Amino acid sequence: MSVTLNPGFTEVRTRFAPSPTGYLHVGGARSALFNLLFAKHNNGKFILRIEDTDQARSTEESLKMMIQDMVWLGLNWDEGVDPVTLKDMGAYAPYRQSDRLAIYKKVADELIANGKAYYCFMTDEELEAERARVKAINQNAHVESPYETWTLDQAKAELAKGKTAVVRFRTKHLRKDYLLNDLIRGEVRFPSDMVGDFVLLRSDGMPVYNFCCVVDDYMMKISHVLRAEEHLPNTLRQLMIYEGMNWPTPQFGHISLVLDDDRQKLSKRKGAVACDQFMKDGYLPEALNNFMALLGWSHPEGKEIFSMDEMIKLFTLDRVNASGAVFDRVKFKWMNAQYLRAQDNQTIWNQVKPYLVAAGISLPKEAGDTAWQMKSVETFKPKLEILTDAVALYQSLDDSKFEISEESNEALSWEPTKAVLTTWKNQIEAHATETFTEADFVAIENAVKTGANVKGKNLFMPIRVAVIGKPHGTEVKLLVPLMTKQSLLTRVNKVLSRI
RNA sequence: GUUCCCAUCGUCUAGUGGCCUAGGACACCUCCCUUUCACGGAGGAUACAGGGGUUCAAAUCCCCUUGGGAACGCCA
């Protein structure tokens, strides 16, 4: 049940550290979810840190969208950026890396002072040439900087002349294998020469991911780093920095990637991977969380549908598997339908209504009544998988959108159809009230049956066409009570004029 | 190319040496319910990548092969 902490840590603290460069992606959301589940399962804290050191790509707008998506999903964090004010919230502030520049600078200076890092004055051209050289060797070679051998005084003199430099971490003397005991993958051995001298600080003074990540994780006392597998190779660099600073290392767990149908990393280019898009399409956040959890984790009893509380209660890393998982949209839709239909009708109506309004669907005036609303939800519910489905469903009640579909032609061509529809029309016309009950409809249908002397599909298919313009769909008996006499007459007249 | 990671039905997965003639879910097929389409119910087909070991016993442990993926930036 409880989890071990590395020396130097006193409580479980996890973090999600997105860079605000776009919408929240399901891969990221899943990492956030796992971090939250792990933290909460172990009575720990979940932190949201903003990695905005890439100033060219980070925007405040993205930050807001990202936070909005997290809030929508209910992935609530204990520390980080306040979801409303966007101000720092927590004891380890600031939580935006762009506000922590002085901290990184200080650590870098320390690394430089004790020889663990050095200034490198290579120009872009020189770097390019060096990369070409290394590529030609075609071995496990790395870019080598001629400045690695410079003394600090030499470098400082160069700096004094106004030259700019990056700060590189020195790896030459670290030629040994690094062993990582990954929480999910077990022992991972990184060979000694896997990386060359890597950049800590850019020439403009901005820190690079692997560096600020370590500094922040250390200073924010992050005990467990759960992140996507793509970061596995980064871990070696980070381990080197921890070692260089003599800092206690957290435990790492690398979660598998979320894949596209083609088994490649789910990409923003291949559509609908943004949480925001799922929200707009009418997926429920609970369903997304549930579905994401199942991408790599499994319920101990094999359950497929479970609440966030249940996940927190049962989430353990030993049930997280190491292989990549394809994001199956079809199953996701099924799961969403389960969540959607498990709600009460009033809740569903409240969720559906904005979509109807947005789509400009005009409903009969009875739609203002709760009774009508509940009845409509009840009849359409079996076909609702995502909220946007409601548009097409309710559209069948909008007279201005009434059309006779191509597939109706067959039913309209049947010999007795004209008699059926004429009788239907007369019956509707003769109806005493403006609306119908289920029983009214049954009575009318029976009257048509005897009046036109037709039964079976020859009877009900034409009627359905006269009601919704299609031979298939929702049960007419349930549909008619949602419509008005006027509406039904308009429709049958239109259909009749086609025969 | 180099390094690392991964490998059970089409997909998500259960399985941690005997309970596996491999279980569940989505999708698919059949039937039932239904005067349509759905929903719901009952069945069905479909998988341990291959080859070597270890062991009385292997989907489970080891090795090799093959396949897939990721990373190799002054992106994160």
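Because only heavy atoms are used, hydrogens play no part in the values below, and waters and symmetry mates are left out as well, while side chains stay in. In this text the structure is predicted, and so the values were computed from the model without any measurement. Proteins come first, then strands; the chains are lettered A, B, ... in the order of their sequence lines, and each starts at number 1.
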Margin query: Given the ring of A/Phe34, does A/Arg30 sit roughly above its face, with NZ or CZ under 6.0 Å from the centre of the six-membered ring and within 45° of the axis?
Written below: yes
Note to self: Does the Lys NZ or Arg CZ of A/Lys106 fall within the cation-pi geometry relative to A/Tyr104 - under 6.0 Å from the ring centre and within 45° of the axis?
What the structure shows: no
Of the listed nucleotides ([options]), which one gets closest to any side-chain atom of [X]?
X: A/Leu294; options: B/G24, B/C4, B/C12; answer: B/C12
X: A/Leu257; options: B/C5, B/A70, B/A76; answer: B/A70
X: A/Thr53; options: B/C74, B/C6, B/A76; answer: B/A76
X: A/Pro191; options: B/A76, B/G24, B/C4; answer: B/C4

Item checked: Base versus backbone protein contacts along nucleotides 36-45 of chain B [heavy-atom cut-off under 4.0 Å; B, S, -] -> BBBS------
Notebook entry, point to check: So, do A/Phe278 and A/Phe332 have ring centers that fall under 6.0 Å from each other?
Noted result: yes
Check: What do you reckon, are the aromatic ring centroids of A/Phe190 and A/Tyr178 less than 6.0 Å apart?
Finding: no
Send over the distance from [X] [atom1] to [N] [atom2], rounded to a whole Å.
X: A/Arg30; N: B/C12; atom1: CZ; atom2: P; result: 12 Å
X: A/Phe121; N: B/C74; atom1: CZ; atom2: C1'; result: 14 Å
X: A/Met292; N: B/U13; atom1: CE; atom2: C1'; result: 18 Å
X: A/Met194; N: B/A70; atom1: CE; atom2: C1'; result: 10 Å
X: A/Lys105; N: B/C74; atom1: NZ; atom2: P; result: 19 Å
X: A/Glu229; N: B/C72; atom1: CD; atom2: P; result: 13 Å
X: A/Phe190; N: B/A70; atom1: CZ; atom2: C1'; result: 12 Å
X: A/Asp197; N: B/C74; atom1: CG; atom2: P; result: 12 Å

Return the pairing partner of [N] with a 3.5 Å limit on both distances, Watson-Crick or G-U wobble; otherwise return none.
N: B/C33; value: none
N: B/A7; value: B/U66
N: B/A71; value: B/U2
N: B/A58; value: none

Check: Do the side chain of A/Asn35 and the main chain of A/Phe46 share a donor and acceptor less than 3.5 angstrom apart?
Finding: no
Item checked: Short side-chain to backbone donor-acceptor contact, A/His299 and A/Ile305, under 3.5 Å -> no
Does [X], at its [atom1] atom, have more than 12 non-hydrogen atoms belonging to other residues, nucleotides or ligands within less than 6.0 Å?
X: A/Glu243; atom1: CD; answer: yes
X: A/Glu403; atom1: CD; answer: no
X: A/Lys477; atom1: NZ; answer: no

Counting any heavy atom closer than 4.0 Å, what does [X] reach on the DNA or RNA strands: base, sugar-phosphate only, or nothing?
X: A/Ser323; result: sugar-phosphate
X: A/Arg189; result: sugar-phosphate
X: A/His231; result: base
X: A/Glu51; result: sugar-phosphate
X: A/Val208; result: sugar-phosphate
X: A/Gly296; result: sugar-phosphate

Within the structure, does a side-chain N or O atom of [X] lie under 4.0 Å from either OP1 or OP2 of [N]?
X: A/Asn321; N: B/A14; value: yes
X: A/Arg227; N: B/A76; value: no
X: A/Arg237; N: B/G73; value: no
X: A/Ser298; N: B/A14; value: yes
X: A/Arg319; N: B/C12; value: no

From [X] atom [atom1] to [Y] atom [atom2], the distance as rounded to the nearest 0.5 Å:
X: A/Ile255; Y: A/Trp297; atom1: CD1; atom2: CH2; value: 13.5 Å
X: A/Met461; Y: A/Asn458; atom1: CE; atom2: CG; value: 9.5 Å
X: A/Phe441; Y: A/Ile444; atom1: CZ; atom2: CD1; value: 8.0 Å

Between [N] and [M], how far apart are the two [atom1] atoms, rounded to whole Å?
N: B/A45; M: B/C31; atom1: C1'; result: 15 Å
N: B/C72; M: B/U13; atom1: C1'; result: 32 Å
N: B/G44; M: B/C26; atom1: P; result: 15 Å
N: B/C12; M: B/G69; atom1: P; result: 14 Å
N: B/A25; M: B/U34; atom1: P; result: 25 Å
N: B/U66; M: B/U11; atom1: P; result: 22 Å
N: B/C29; M: B/A70; atom1: C1'; result: 38 Å
N: B/A59; M: B/G23; atom1: C1'; result: 13 Å

Checklist line | Residues in contact with RNA chain B, drawn from residues 440-449 of chain A - heavy-atom cutoff 4.0 Å | finding: A/Glu445
Notebook entry, point to check: Starting at the 5' end of RNA chain B and moving along, which residue's nearest nucleotide shows up first, A/Met122 or A/Val188?
Noted result: A/Val188
Next item on the list: Tell me which of A/Leu127 and A/Trp297 sits closer to the 5' end of RNA chain B, going by the nucleotide each one is nearest to.
Entry: A/Trp297
Is [X] side chain donor-acceptor paired with the [N] base, going by distance under 3.5 Å alone?
X: A/Asn234; N: B/A71; answer: no
X: A/Lys331; N: B/A25; answer: yes
X: A/Glu230; N: B/G69; answer: no

Check: Do A/Glu304 and A/Gln338 have side-chain atoms, one donor and one acceptor, less than 3.5 Å apart?
Finding: no
